[in-house]
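Have a look at the structure below, then the notes.
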2 protein chains.
Amino acid sequence: MNTIPKTGRKQIRVVIAEDQGMVLGALAALLEIEGDITVVARARNGKEALRAVLAHKPDVFITDIEMPEMTGLDVAVELKRQHKDTRVIILTTFARAGYLRRALDAGASGYLLKDMRAEELAEAVRRVQQGLRVIDPELATEAWGEPDPLTDRERQVLRLAGDGVTSLDIANDLGLSEGTIRNYLSEAISKLGAANRTEAARIARAKGWL
Amino acid sequence: MNTIPKTGRKQIRVVIAEDQGMVLGALAALLEIEGDITVVARARNGKEALRAVLAHKPDVFITDIEMPEMTGLDVAVELKRQHKDTRVIILTTFARAGYLRRALDAGASGYLLKDMRAEELAEAVRRVQQGLRVIDPELATEAWGEPDPLTDRERQVLRLAGDGVTSLDIANDLGLSEGTIRNYLSEAISKLGAANRTEAARIARAKGWL
DNA sequence: CCCTGATCGTGACAAATGTCACACAGGCGG
DNA sequence: CCGCCTGTGTGACATTTGTCACGATCAGGG
């Protein structure tokens with residue numbers, strides 16, 4: 001690092017959020033070697049990220065989805081709610097239609113997968129800063145496939161069941177009757193075409209619905 | 001980057017393997033900015049990594065565990081079998097005692113977690129090249145805790161059950177009787193102190209036993 | 001050669017799970 | 001205001017799952 005910024009054009013100011021320190025530092029290094037991009041702050045969880053973006057008002061905010069404290073998607077929603085004009089790029093491992101849809105609903109300008117070529121990140125930052133959208137091509141087509149068929153309750157119940165929590169325990173947790181839980185699970189299982197709660201949870205997770 | 005290599009000392013030659021292109025490129029960028037380290041090859045799966053290490057004979061080989069084609073651990077085992085003297089650093093997301101143990105058995109010199117600080121990677125490379133071991137401190141203590149209590153069959157059955165496959169289907173898959181499957185699962189559940197197959201699978205996965 | 005542990009099997013029983021049919025409230029769109 | 005959907009509940013029933021007790025075989029170690 002420490003290349004003197006090629007000061008010809010205005011620098012693109014970026015904040016990055018990512019919970020794995022190694023990846024965070026590496027991504028920052030990757031962007032810093034581009035002369036026209038400056039990483040003005042880094043965050044290792046959602047709340048920190050939100051504070052950083054509000055404080056620095058960067059041009060572009062790059063964020064992972066699954067982080068402690070607050071999800072990258074939640075941060076995007078909050079920025080939208082506050083009408084901030086920082087553009088958001090979601091950078092995640094998961095090629096899940098459900099995530100992409102939620103990202104777009106939250107007003108994100110980009111949705112990139114971590115297994116794309118590293119060179120594309122800086123390019124995406126530039127495109128997004130110019131007001132363009134950058135969506136992973138494979139996902140873009142598939143995305144408007146099936147919408148999440150689950151209701152909130154079903155999702156909530158299925159999440160617990162998928163971790164091995166017992167129907168009775170779920171009922172107590174949520175203050176419902178055990179029969180009701182079994183009904184929800186039965187519903188979810190049939191909606192997802194699964195054979196049992198475990199498979200149902202696996203399917204839902206794979207689609208990004210959980 | 002582009003600091004002119006401090007050519008006083010010999011460069012440390014490194015090969016990196018990681019299936020997520022973005023992370024791979026970023027890690028390479030991170031190491032390249034260190035004057036004394038050169039990334040001589042990158043690989044995006046296990047087989048490619050093995051070939052790259054054999055071809056370049058680097059001082060240090062940094063690898064992820066979960067990759068297509070061949071696991072980072074498998075690559076390490078193969079290098080050990082061939083008595084190669086490239087030092088191996090495992091760099092993974094998972095703080096699992098089972099993984100660490102297997103890594104050490106495979107002769108790895110380092111086991112780092114992706115959520116450590118980015119600066120520690122280059123430092124680890126230098127230490128390892130000098131013949132030292134670098135193990136994540138938290139793990140180091142815990143590692144020699146509990147060994148995997150499961151037998152091969154139990155592991156195999158539990159893996160399927162954890163994906164929602166039915167006892168009967170597992171039985172057919174493995175050519176065993178359904179009762180036997182239930183026995184194995186019951187055994188596994190009790191060994192792991194779980195309440196049911198789903199929780200048992202979750203626990204086993206978390207420990208790196210699956 | 002005996003002991004142990006892993007593997008595979010049976011049978012029986014209890015508990016959890018999955019399915020169905022049905023019921024009643026509240027909310028929302030037409 | 002009338003349906004319709006979601007959320008919630010009940011009861012009954014079939015199936016799956018989890019547990020136990022018992023055996024039989026086989027390989028390896030002492």
Side-chain angles (χ1 to χ4, degrees), chain A residues 98 101-102 105 146-210, chain B residues 98 101-102 105 144-210:
Chain A
R101 177 189 288 260
R102 276 194 270 162
D105 286 349
E146 355 157 41
D148 182 347
L150 302 174
T151 68
D152 287 342
R153 271 306 194 196
E154 286 162 1
R155 224 188 327 281
Q156 192 181 16
V157 170
L158 192 54
R159 210 175 294 130
L160 292 169
D163 281 348
V165 183
T166 258
S167 299
L168 185 59
D169 288 342
I170 298 178
N172 291 142
D173 250 43
L174 305 184
L176 299 177
S177 107
E178 194 199 345
T180 304
I181 301 299
R182 298 229 298 280
N183 282 341
Y184 284 144
L185 284 173
S186 187
E187 258 303 300
I189 289 167
S190 106
K191 281 181 180 176
L192 299 177
N196 54 52
R197 49 180 71 195
T198 307
E199 197 190 349
R202 194 169 54 77
I203 293 173
R205 272 194 242 270
K207 300 268 193 180
W209 294 334
L210 237 51
Chain B
R101 179 189 287 261
R102 278 194 268 162
D105 286 349
W144 245 244
E146 354 158 41
D148 183 348
L150 303 175
T151 67
D152 288 341
R153 271 305 193 196
E154 286 161 1
R155 224 189 327 281
Q156 192 181 17
V157 169
L158 191 55
R159 210 176 295 130
L160 292 170
D163 281 347
V165 182
T166 259
S167 299
L168 186 59
D169 287 343
I170 299 177
N172 291 143
D173 249 43
L174 305 183
L176 299 177
S177 108
E178 194 198 344
T180 304
I181 301 299
R182 298 228 298 279
N183 283 340
Y184 284 144
L185 284 173
S186 187
E187 258 303 302
I189 290 167
S190 108
K191 280 180 178 176
L192 299 177
N196 54 51
R197 50 180 72 194
T198 307
E199 198 190 349
R202 194 169 53 79
I203 294 173
R205 273 193 241 270
K207 300 268 193 179
W209 293 334
L210 237 51

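Chain identifiers are assigned alphabetically (A, B, ...) following the order of the sequence lines, protein sequences preceding nucleic acid strands; residue numbering begins at 1 within each chain. In this text, all values refer to a predicted model and were calculated from it rather than measured experimentally.
One atom, CG of A/L160, and another, C1' of C/dT17, lie 16 Å apart when rounded to the nearest Å. Rounded to whole Å, the distance from CD1 on B/I181 to P on C/dC8 is 9 Å. Separating the CD1 atom of A/I189 from the C1' atom of C/dA16 is a distance of 12 Å, rounded to the nearest angstrom. B/L168 places its CG atom 15 Å from the C1' atom of D/dA14, with the value rounded to the nearest Å. Atom-to-atom, CD of B/E187 to P of C/dG9 comes out at 16 Å; the value is rounded to the nearest Å. Counting to the nearest Å, the P atom of D/dT17 and the CD atom of B/E199 are 17 Å from each other. Atom NZ of A/K191 is separated from atom C1' of D/dT6 by 9 Å (rounded to the nearest Å). For B/L158 and C/dA6, the CG to P distance is 16 Å, given to the nearest whole Å.
For the pair A/T151 and D/dG7, the criterion of a side-chain N or O lying under 4.0 Å from OP1 or OP2 is met. Look at A/S167 and you'll find a side-chain N or O under 4.0 angstrom from OP1 or OP2 of C/dT17. Phosphate contact (OP1/OP2 of D/dT8, side-chain N/O of A/Y184, threshold under 4.0 Å): present. Taking only side-chain nitrogens and oxygens, B/R197 comes nearer than 4.0 Å to OP1 or OP2 of D/dT17. Distances shorter than 4.0 Å separate none of the side-chain N or O atoms of A/T180 from OP1 or OP2 on D/dG7. Under 4.0 angstrom from either OP1 or OP2 of D/dT10 there lies at least one side-chain N or O belonging to A/S177.
Of the N and O atoms on the side chains of B/T198 and A/R197, not one donor lies less than 3.5 Å from an acceptor on the other residue. A/R153 and A/Q156 form a side-chain donor-acceptor contact under 3.5 Å, judged by distance and modelled atom types alone.
The pair A/D152-A/R155 meets the salt-bridge criterion, with a side-chain N (NZ, NE, NH1 or NH2) lying under 4.0 Å from an Asp/Glu carboxylate O. Salt-bridge annotation for A/D163 and A/R202: absent, with no side-chain N of the basic residue lying under 4.0 Å from a carboxylate O of the acidic one.
For A/N196, the side-chain atoms get nearest to D/dT17 when compared with the rest of C/dG9, D/dT17, C/dT7. For A/L185, the listed nucleotide lying nearest its side chain is C/dG18; candidates were C/dC8, C/dG18, D/dT17.
Sequence order on DNA chain D of the closest nucleotides to A/R153 and B/G179 puts A/R153 first from the 5' end. Map B/R182 and A/R182 each onto its nearest nucleotide of DNA chain C; the residue landing nearer the 5' end is B/R182. Take the nearest nucleotide of DNA chain C for A/E178 and for B/D152: the residue whose nucleotide is more 5' is B/D152.
Here B/T166 lies in heavy-atom contact (under 4.0 Å) with sugar-phosphate atoms only. Within 4.0 Å (heavy atoms only), A/L176 reaches sugar-phosphate atoms of the nucleic acid but no base atom.
With values rounded to the nearest 0.5 angstrom, A/D169 atom CG is found 9.5 Å from A/L160 atom CG.
The side-chain contact (heavy atoms from CB on, under 4.5 Å) test with A/L158 singles out one residue from A/I170, A/I189, A/L185, and that residue is A/L185.
Applying the 3.5 Å distance criterion, the base of D/dT17 shares no donor-acceptor pair with the side chain of B/N183.
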